[in-house]
Peer 1: 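Here it is: the structure, laid out below.
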Amino acid sequence: MSFTVCALSSPALFALIDCNNFFVSCERVFNPSLTNKPVIVLSGNDGCAIARSNQAKDLGVAMGAPLHTFSHLINPHDIRIFSSNFELYGDLSNRMINILQTFTPDVEVYSIDEAFIDLSPLPCFDYAAFAQKIHNTLLKHIGIPVTIGIAPTKTLAKMANRVAKKIGSPFTLLQSAPDIENALRQTAVSDIWGIGRALAPKLKKIGLYTAYDLARKDPRWARSVMGVTGERLVREIQGIACIPFNAVEDDQKSIQVTRSFGVRLTEFNDIAEAISGHATRLGESLRKKKLVTPTISVFCRTSPFGNAPYYKGIGVTGFDTLTQDTQTLIRGAIKALQHAFRPGHAYQSAGIYAMDLVKEGRVAQKSLFDIDLHQKSSGCTPSNAKRGAAVNKAIDEINQRIGKDTLFWASSGIYPRHVAKQNRRSSRYTTRWDEIKLII
DNA sequence: TCTGGGGTCCTAGGACCC
DNA sequence: TCTGGGGTCCTAGGACCC
């Protein structure tokens with residue numbers, strides 16, 4: 001296969017809108033007393049820091065730091081700690097995107113707290129004023145501060161964003177050659193978008209310390225040392241746009257549901273309850289996204305930390321027809337878990353993956369004998385399958401209206417032991433009637 | 001005591017085919 | 001005993017991202 005650099009028709013110009021300390025900012029929207037305070041949002045199971053306010057960063061709390069490594073700082077510095085509240089963050093994220101789309105239809109949602117805008121179709125104008133307007137509108141309507149970087153490639157827009165955050169400005173434009181060179185000189189190779197833990201030390205060893213050093217290399221050299229992604233990256237920081245803009249979201253290729261347990265588990269049945277719950281979430285997600293899966297894989301594993309030897313077991317179940325039916329997924333997941341599980345371990349987490357997802361409407365028949373096979377393996381006739389779809393629909397609608405898990409499958413456990421710690425979650429102000437903010 | 005969860009893309013190597 | 005060359009497809013694992 002030959003690689004052709006897909007330089008976009010120039011002059012390209014991208015804006016990257018990135019929320020500042022997004023999860024912390026979401027907490028602050030409904031709790032103004034957190035302003036100017038050190039605030040930290042924890043990962044699932046209250047394990048480690050996944051968002052920090054600037055004040056918490058100044059105290060030296062690193063991204064991903066386990067709670068127990070900074071717990072001694074909490075009281076002396078009055079750090080406010082929150083469990084993650086993804087229902088709230090996701091909802092505020094959607095509102096932000098809706099507002100961005102009022103500025104231009106060319107919005108690419110990159111993550112929960114970032115979006116690219118393609119500026120090239122817009123007439124050349126005052127980018128500073130444009131960025132300021134986006135910033136002010138989001139702050140006013142949602143209450144979330146953002147930083148905006150504008151540059152001829154996505155990688156440089158990322159870099160512009162970093163520069164803006166560093167100097168405390170809501171916006172930075174990198175367009176002229178001297179401005180770009182200046183930013184490249186200020187940026188360490190490890191801070192370039194696309195350079196991670198493995199590549200950074202490798203490049204430093206060769207004597208490349210800044211983005212400027214790397215930008216002076218021949219892309220063909222980058223290809224041989226860093227692969228196609230490396231070649232693309234070098235061209236990007238040289239100002240040649242190679243990473244395309246996708247306003248339309250591609251179909252998702254995989255879904256996973258993974259959780260750590262609140263306590264270590266040793267019994268098959270306890271883990272089966274967790275996996276049954278994960279399979280339920282997977283089913284909901286597949287139906288919501290109108291996807292079906294031919295297969296699932298399930299894993300259970302011990303903690304990679306600590307003294308006990310690490311164990312991870314994996315089991316796979318294939319289905320005779322592509323499915324999104326919760327009951328089918330649960331049956332398949334328990335079967336797969338029987339392959340993954342070995343007695344004698346203290347398990348720390350378990351998860352379920354669905355890969356090779358297919359869009360609901362585009363279901364290809366797997367074999368001429370689909371229906372026969374299906375009847376044989378699951379006892380599920382086509383009319384049963386229809387009934388299953390109706391059951392899923394009814395459960396989804398009830399849970400949507402009244403609350404998550406109002407109806408649930410008994411295999412997920414009435415009093416499950418696996419439930420993760422979530423001791424400090426704020427209210428889901430925007431998505432639950434009974435958690436709406438009261439002003440008395 | 002205590003270490004998240006959810007994605008994508010690329011590559012190397014094996015299986016298999018002619 | 002000798003034992004090619006080229007292609008495709010699949011998979012596991014690595015690397016990256018937020």
Side-chain angles (χ1 to χ4, degrees), chain A residues 1 3 16-23 40-51 61-72 74 81-86 89-90 93 108-116 154-155 158 161-162 189-203 223-233 242-244 246 249-264 278 281-282 285 289 291 294-295 297 299 301-307 310 312 314 316 346 348-357 420-423:
Chain A
M1 190 185 75
F3 173 74
L16 173 68
I17 293 95
D18 188 315
C19 301
N20 302 350
N21 312 327
F22 181 54
F23 301 161
I40 292 172
V41 175
L42 300 172
S43 62
N45 217 24
D46 290 351
C48 46
I50 54 168
V61 178
M63 183 65 171
L67 174 57
H68 67 93
T69 62
F70 60 86
S71 50
H72 62 284
I74 295 175
I81 304 279
F82 291 88
S83 304
S84 41
N85 185 351
F86 279 99
Y89 311 152
S93 174
E108 177 188 337
V109 180
Y110 179 68
S111 75
I112 193 166
D113 71 332
E114 279 173 69
F116 286 101
K154 283 182 166 182
T155 309
K158 272 277 197 187
N161 201 289
R162 252 191 119 262
V189 277
S190 54
D191 291 330
I192 304 171
W193 189 43
I195 305 282
R197 266 214 299 253
L199 275 176
K202 193 172 164 185
L203 294 176
R223 170 93 197 236
S224 67
V225 177
M226 305 156 70
V228 281
T229 43
E231 176 175 0
R232 206 151 45 203
L233 186 148
C242 298
I243 303 174
N246 305 313
E249 266 181 78
D250 291 340
D251 288 342
Q252 199 169 331
K253 297 179 177 69
S254 69
I255 295 177
Q256 46 176 296
V257 182
T258 306
R259 295 283 181 280
S260 299
F261 308 134
V263 293
R264 300 285 188 262
H278 298 354
R281 296 282 95 82
L282 174 63
S285 187
K289 294 169 177 172
L291 295 167
T295 169
S297 67
F299 78 85
R301 57 159 220 191
T302 63
S303 170
F305 308 98
N307 299 325
Y310 179 66
K312 180 178 183 180
I314 298 175
V316 179
Q348 180 257 347
S349 71
I352 179 168
Y353 292 77
M355 281 162 286
D356 306 316
L357 302 180
K421 279 175 284 187
Q422 269 274 359
N423 297 327

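Per chain, numbering begins at 1; letters A, B, ... match sequence-line order.
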Peer 1: Which part of the nucleic acid does A:Arg264 contact within heavy-atom distance under 4.0 Å: base, sugar-phosphate only, or nothing?
Peer 2: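 Since only primed, P, OP1 and OP2 atoms lie under 4.0 Å of A:Arg264, the category is sugar-phosphate.
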
Peer 1: Going by the rule side chain to side chain contact (heavy atoms under 4.5 Å, CB included), which residues pair with A:Ser84 if we only count those two or more places apart in sequence or in a different chain?
Peer 2: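 If we apply the side chain to side chain contact (heavy atoms under 4.5 Å, CB included) test to A:Ser84, skipping adjacent residues, the hits are A:Val41, A:Ile50, A:Phe86, A:Tyr89, A:Gln422.
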
Peer 1: Looking for any heavy atom pair under 4.0 Å, which part of the strands does A:Lys421 touch: base, sugar-phosphate only, or nothing?
Peer 2: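 A:Lys421: no heavy atom of the nucleic acid under 4.0 Å.
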
Peer 1: Taking five pairs at each end of the helix from B:dG5-C:dC18 to B:dC18-C:dG5, what angle separates the two helix axes (nearest 10°)?
Peer 2: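 That helix gives 10° between its end axes.
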
Peer 1: Could you list the residues that satisfy ring-ring contact (aromatic ring centres under 6.0 Å, His included) with A:Tyr110, not counting sequence neighbours?
Peer 2: A:Phe116, A:Trp193

Peer 1: Less than 4.0 angstrom from a charged side-chain N to a carboxylate O is my criterion; do A:Glu108 and A:Lys154 meet it?
Peer 2: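 Looking at A:Glu108 and A:Lys154, the cut-off is met.
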
Peer 1: Of all residues at least two apart in sequence or in a different chain, which pass the side chain to side chain contact (heavy atoms under 4.5 Å, CB included) check with A:Ser111?
Peer 2: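 A:Ser111 satisfies side chain to side chain contact (heavy atoms under 4.5 Å, CB included) with A:Asp113, A:Glu114 once adjacent residues are dropped.
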
Peer 1: Mind checking what makes side-chain hydrogen bond (donor to acceptor under 3.5 Å, both in side chains) contact with A:Ser83, not counting sequence neighbours?
Peer 2: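 A:Ser83: side-chain hydrogen bond (donor to acceptor under 3.5 Å, both in side chains) contacts with A:Asp46.
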
Peer 1: Mind checking salt bridge (charged side-chain N to carboxylate O under 4.0 Å, His left out) for A:Asp18 and listing every partner two or more places apart, or none if nothing turns up?
Peer 2: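 Residues passing salt bridge (charged side-chain N to carboxylate O under 4.0 Å, His left out) with A:Asp18: A:Lys165.
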
Peer 1: Using a 4.0 Å heavy-atom cut-off across all strands, classify A:Leu233 as base, sugar-phosphate, or nothing.
Peer 2: nothing

Peer 1: With sugar-phosphate meaning primed atoms plus P, OP1 and OP2, does A:Phe22 contact a base, only sugar-phosphate, or nothing at under 4.0 Å between heavy atoms?
Peer 2: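 It contacts nothing in the nucleic acid.
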
Peer 1: For A:Ile255, report the nucleic acid contact type (base, sugar-phosphate, nothing); a contact means any heavy atom under 4.0 Å.
Peer 2: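 Counting heavy atoms under 4.0 Å across all strands, the contact made by A:Ile255 is with sugar-phosphate only.
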
Peer 1: Taking 5' to 3' order, which nucleotide of DNA chain C is first and which is last to have an atom within less than 4.0 Å of a heavy atom in chain A?
Peer 2: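 Listed 5' to 3', the contact boundaries are C:dA15 to C:dC18.
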
Peer 1: Please compare A:Asp250 and A:Phe23 by the position of their nearest nucleotide in DNA chain B and report the one closer to 5'.
Peer 2: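 In this pair, the answer is A:Phe23.
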
Peer 1: Output all residues satisfying side chain to side chain contact (heavy atoms under 4.5 Å, CB included) with A:Arg281, sequence neighbours left out; order by chain, then residue number.
Peer 2: A:Val257, A:Glu284, A:Lys404, A:Asp405

Peer 1: Mind checking if A:Leu199 touches a base, just sugar-phosphate, or nothing, with heavy atoms under 4.0 Å?
Peer 2: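 Contact class for A:Leu199: sugar-phosphate only.
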
Peer 1: Going through the distances and angles, do A:Asn45 and A:Lys421 end up as a side chain to side chain contact (heavy atoms under 4.5 Å, CB included)?
Peer 2: CA-CA 4 Å; A:Asn45 217 24; A:Lys421 279 175 284 187; 3.7 Å; yes

Peer 1: For A:Leu199, which residues count as a side chain to side chain contact (heavy atoms under 4.5 Å, CB included) partner, sequence neighbours excluded?
Peer 2: A:Ile195, A:Lys202, A:Met226

Peer 1: Quick check on DNA chain B: between A:Asp46 and A:Gln256, whose nearest nucleotide comes earlier from the 5' end?
Peer 2: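 Looking at the nearest nucleotide for each, A:Asp46 comes out on the 5' side.
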
